[in-house]
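Ligands are counted one by one from 1 in listed order, and the atoms in each one are counted from 1 as well. Here the structure is a predicted model, which is why all the values come from computation and not from measurement.
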Amino acid sequence: MTDLLSRLKQALGPKGVLTDASDMEAYAIDWRKLFPGKPLAVVRPANTQEVAAVVSLCKHYGTALVPQGGNTGLAGGAVPDGSGREIVLSLSRMNALRSVDPIGMTLEAEAGLVLKAAQDAAEAVGRLLPISLAAEGSATIGGVIATNAGGVNVLRYGMTRALVLGLEVVLPDGSIVNGLRHLRKDNAGYDWKQVFIGTEGTLGIVTAAVLRLLPRPTQTVTVLVSVADPQKALDFLVCAQNELGDSISAFELISGYSIKLVEQHFGIKCPIEASAWYVLIEAGATLSGLREAVEKALEQALESGLAHDGVIAESGKQAADLWLLRERITESEAKQSKSVKHDVSVPIPTIPDFLQAAEEALAKAAPGTIINCFGHLGDGNLHYNVLIKDHDPVLINHMVHDVVMAMGGSISAEHGIGQYRVAELESRRSEPELHLSRQIKTALDPLNIMNPGKVLSRQGSPS
Ligand code: FAD
Ligand code: MLT
Ligand code: ZN
C-alpha cells in the first residue's frame, strides 16, 4: 500500500494526497454520521488527467475508490468502509465553472463545483439552473448527477437527469470519455451518459458536465397554506394545477410536527395558525398575471374549505422565510433524535392511503415512534422519517417499505441506495433487474474497485 501511496503523491503532489487521520476526518463519515469509515487516504486531484492517473494506479493495485463531492448524500454512498483499504477520491479541487451560455442555455462545469455557485452563475446571465435542494450550498455538480438528485423543483423541471446534456467521465480502467457536447439533440449512438447519472459513483467518476439551463421566470409567487389532512392537500394540488398549470415549480407537503421541529430548533415562527398539515407552493412565470391567478386559487381553496388559512409572501425576504420552514426540517430532525429516514415515492393519488396504512402499521409494531413527514407531494415523493428511541431501525424500514411496495411505489425516490439501502434494494427489486445491474457493473468495473458495496452488495458484484 505504501508503494501505491508514494506513487499517488508523485502523481498528485503533496497537496493532492491526505493520509493524516485528522485531515481525513471530514471525508470519512457521512452527513448523517451513520457510517464512520476509515480511508487509506484521501486524494484530491486537480484535473481530469490526475483523476485518470489515480484510477489507473488503483486498478493496478486493486484498491477500491470512493468518489466524493460535497458529502451531503443521505444514503452513505460517499464514504469508505472501515477496512482502512479504500481511497476517497474527492472532486473538491475540481470546481471550475467553464462556461455559461445564455443563448444556447447551457452551463459547463467541473464536477466539484458547488450547486449554489452554478445556480448563481446561471442567474447572473438571466437564466435558471432549476436543481434546488436544501443542501445546495455544499452539494456538488458531480454529486447531484451521480445521485440523480431530485429536490423541490422536480414537479416542473424533472430530476437532475433531465438537465444533463453531456458528461466527461473516467472509467474504472482509467480511460477518459469526453461527451461534453452543448447540444439539445444528439441521437448519434448510445446515450451512454445515462449509465453514470444516478449510479452513485459505482460505474465511473464524473469529472465535468454540461447542464441545460431554463428561462428564468420574471415573477415568482410563494404561498404557505394550512390544510386539515393529506387528502385536502392532494385536492388542493389538483385545484392549483387547474388554475396555475405548469407555472407551479414546487408543491411541498409539510406535517405540523415538521414545522414544530423547525420552530423549536431554529426559532423560526410559522406565520399562520398551527395545523396538522401545511402545503408550501411556489409558482413562477414570465407572462404577467401570475399573482392574480395565485390569489384566485388561494381564494377558491379557502372558500371551498380545502385550506384553513394561507399567506402569500409579499417580498423576497418573506418568501425566503417561508422556505426556511421547509429547508430546515432535515437539520431539525437530526438535532431532535435518531431517525429511520424514508425517501419513498408512491403513485400520487395513493398518498393519503399510504400515510394511513404506514401510520397504522407503525402504531401496531412500533408504538412510541414519532413520524416526521414532509416532502415533494407534487412528485409523489415523501420523506416519511420515523423518530426512534430503542426501536429496531431495520424492522421499521422493512415495514414502511412493505406498505410502499404494496402501493406500487419505490423505496428510493431521490436519495439513492448508497450503502444504507443495499439490503432493501436486493430484497425488493426483481432478480432479472438485479442480474442486469450486476452485468452492467461487471462489464464496466470487473475488478469492483469503483465504490464497492454501494447500490449493489459486494456479494452481488464482481469479486
Ligand atoms: P456526495 O454526498 O459527495 O456523494 C453522493 C454519491 O455520489 C456517492 O455515492 C458518491 O460516491 C457519488 N459521487 C459524488 N461525486 C461524484 C462524481 N463526481 N462522480 C461519480 N460519483 C460521485 N437529495 C435530493 O435528491 N433531494 C433533496 O431534496 C435533498 N435535500 C437534502 C437536504 C439536506 C439538508 C441534505 C444534507 C441532503 C439532501 N439531499 C437531497 C441529499 C444530497 O444533498 C444529494 O444526494 C446530493 O446530490 C449529494 O451531492 P454531493 O455532492 O454532496 O455528493
Ligand atoms: C428534503 O427533501 O429535504 C431532503 O430530501 C432531505 C430529507 O429527506 O431529509
Ligand atoms: Zn427530498
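- E136 and K116 are not joined by a salt bridge, as no carboxylate oxygen comes within less than 4.0 angstrom of a charged side-chain nitrogen.
- A heavy-atom distance below 4.5 Å is found between the side chains of Q318 and V311.
- Remark: ligand 2 atoms within the under-4.0 Å shell around heavy atoms of T330 are 3 (O), 6 (C), 7 (C), 9 (O).
- Distance CD/E327 to CG/L322: 11.0 Å, rounded to 0.5 Å.
- No salt bridge links R421 with E424; every basic N to acidic carboxylate O contact stays at or beyond 4.0 Å.
- Looking at V114, N148, T72 and measuring to atom 44 (C) of ligand 1, the nearest heavy atom belongs to T72.
- E414 lies close to the Zn ion (ligand 3), since one of its N, O or S atoms is found at a distance under 2.8 Å.
- With hydrogens left out, the protein atom closest to atom 2 (O) of ligand 1 is G73 N, 2.7 Å, a heavy atom.
- Formation of a donor-acceptor pair under 3.5 Å by the E86 side chain with backbone atoms of D81 is found in this model.
- Going from atom CG of L456 over to atom CD1 of I417 covers 9.5 Å, rounded to the nearest 0.5 Å.
- In this structure, the protein non-hydrogen atom closest to atom 3 (O) of ligand 1 is G69 N, 2.7 Å.
- Geometrically, R32 engages Y420 in a cation-pi contact defined by less than 6.0 Å to the ring centre and at most 45° from the axis.
- In this comparison of G201, P67, A111, the heavy atom closest to atom 10 (C) of ligand 1 sits on P67.
- Looking at ligand 1, you won't find any N or O of T330 less than 3.5 Å from one of its N or O atoms.
- Looking at heavy atoms from C-beta onward, E263 lies in side-chain contact with K269 at the 4.5 angstrom threshold.
- Taking a 4.0 Å cut-off on heavy atoms, Q68 registers as neighbouring ligand 1.
- The Zn ion (ligand 3) lies under 2.8 Å from an N, O or S atom belonging to H383.
- At least one heavy atom of L74 lies less than 4.0 angstrom from ligand 2.
- Within ligand 2, counting atoms from 1 as listed, the ones closer than 4.0 Å to a heavy atom of R326 are 1 (C), 2 (O), 3 (O).
- Side-chain atoms of E333 and N385 form a donor-acceptor pair, as typed in the model, at a separation below 3.5 Å.
- Atoms of ligand 2 found under 4.0 Å from any heavy atom of H376, numbered from 1 in the order shown, are 2 (O).
- Both the backbone and the side chain of V206 come within 4.0 Å of ligand 1, counting heavy atoms alone.
- If you check which protein heavy atom lies closest to atom 7 (O) of ligand 1, you get A146 CB, 3.4 Å.
- A side-chain donor-acceptor contact under 3.5 Å links S83 to the backbone of R85.
- For ligand 2, the atoms lying closer than 4.0 Å to a non-hydrogen atom of E414 are 2 (O), 5 (O).
- Side-chain atoms of D343 and N381 form a donor-acceptor pair, as typed in the model, at a separation below 3.5 Å.
- Annotation: atom 29 (C) of ligand 1 to nearest protein heavy atom, L133 CB, 3.8 Å.
- For the pair E333 and ligand 2, no heavy-atom separation below 4.0 Å is found.
- On a distance-only criterion, V66 and ligand 1 share no N/O pair closer than 3.5 Å.
- Within ligand 1, counting atoms from 1 as listed, the ones closer than 4.0 Å to a heavy atom of A134 are 32 (C).
- For ligand 1, the atoms sitting less than 4.0 Å from at least one non-hydrogen atom of W31 are 36 (C), numbered in the order shown with element in parentheses.
- Between R181 and E108 no salt bridge is recorded (no basic side-chain N to carboxylate O distance below 4.0 Å).
- When only non-hydrogen protein atoms are considered, atom 25 (O) of ligand 1 lies nearest to G150 N, 2.9 Å.
- Using a 4.0 angstrom heavy-atom cutoff, L91 counts as in contact with ligand 1.
- In terms of polar-atom proximity, L74 is not counted as a contact of ligand 1, lacking any N or O under 3.5 Å from an N or O of the ligand.
- Judged by distance alone, with hydrogens and angles left aside, the side-chain atoms of N451 form no donor-acceptor pair with the main-chain N or O of K454 at under 3.5 Å.
- Within the set H415, K341, E252, the minimum heavy-atom distance to atom 4 (C) of ligand 2 is found for H415.
- Considering both main-chain and side-chain atoms, N71 comes within under 3.5 Å of ligand 1 through a nitrogen or oxygen pair.
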Show, in sequence, the C-alpha distance, side-chain angles and deciding distance for F374 and Y384, and conclude whether the ring-ring contact (aromatic ring centres under 6.0 Å, His included) test is met.
CA-CA 7 Å; F374 60 98; Y384 190 79; over 10 Å; no
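- A side-chain donor-acceptor contact under 3.5 Å links N71 to the backbone of I29.
- Comparing heavy-atom distances from atom 40 (C) of ligand 1 across E327, K454, H415 singles out H415 as nearest.
- Distance alone, capped at 3.5 Å, places no donor-acceptor pair between the E414 side chain and the A149 backbone.
- Neither the backbone nor the side chain of E327 has any atom closer than 4.0 Å to an atom of ligand 2 (non-hydrogen atoms only).
- At least one N/O-N/O distance between T140 and ligand 1 falls below 3.5 Å.
- Look at R156 and D379 and you find no salt bridge, because none of the NZ, NE, NH1 or NH2 atoms lies under 4.0 Å from a carboxylate O.
- The closest heavy-atom contact to atom 15 (N) of ligand 1, among the options A75, G143, G76, comes from G143.
- One distance of note links OG1 of T369 with CD1 of I371; it measures 6.0 Å at 0.5 Å rounding.
- Here the heavy atom of the protein found nearest to atom 50 (P) of ligand 1 is G70 N, 3.4 Å.
- Under 4.0 Å from ligand 1, the heavy atoms of N451 that appear belong solely to its side chain.
- Closest to atom 4 (O) of ligand 1 among all protein heavy atoms lies A78 CB, 3.4 Å.
- Distances between N or O atoms of T147 and those of ligand 1 include at least one value under 3.5 Å.
- Looking at atom 33 (C) of ligand 1, its nearest protein heavy atom turns out to be A135 CB, 3.8 Å.
- One option in G204, G418, G142, A149 has a heavy atom closer to atom 20 (C) of ligand 1 than any other, and that option is G204.
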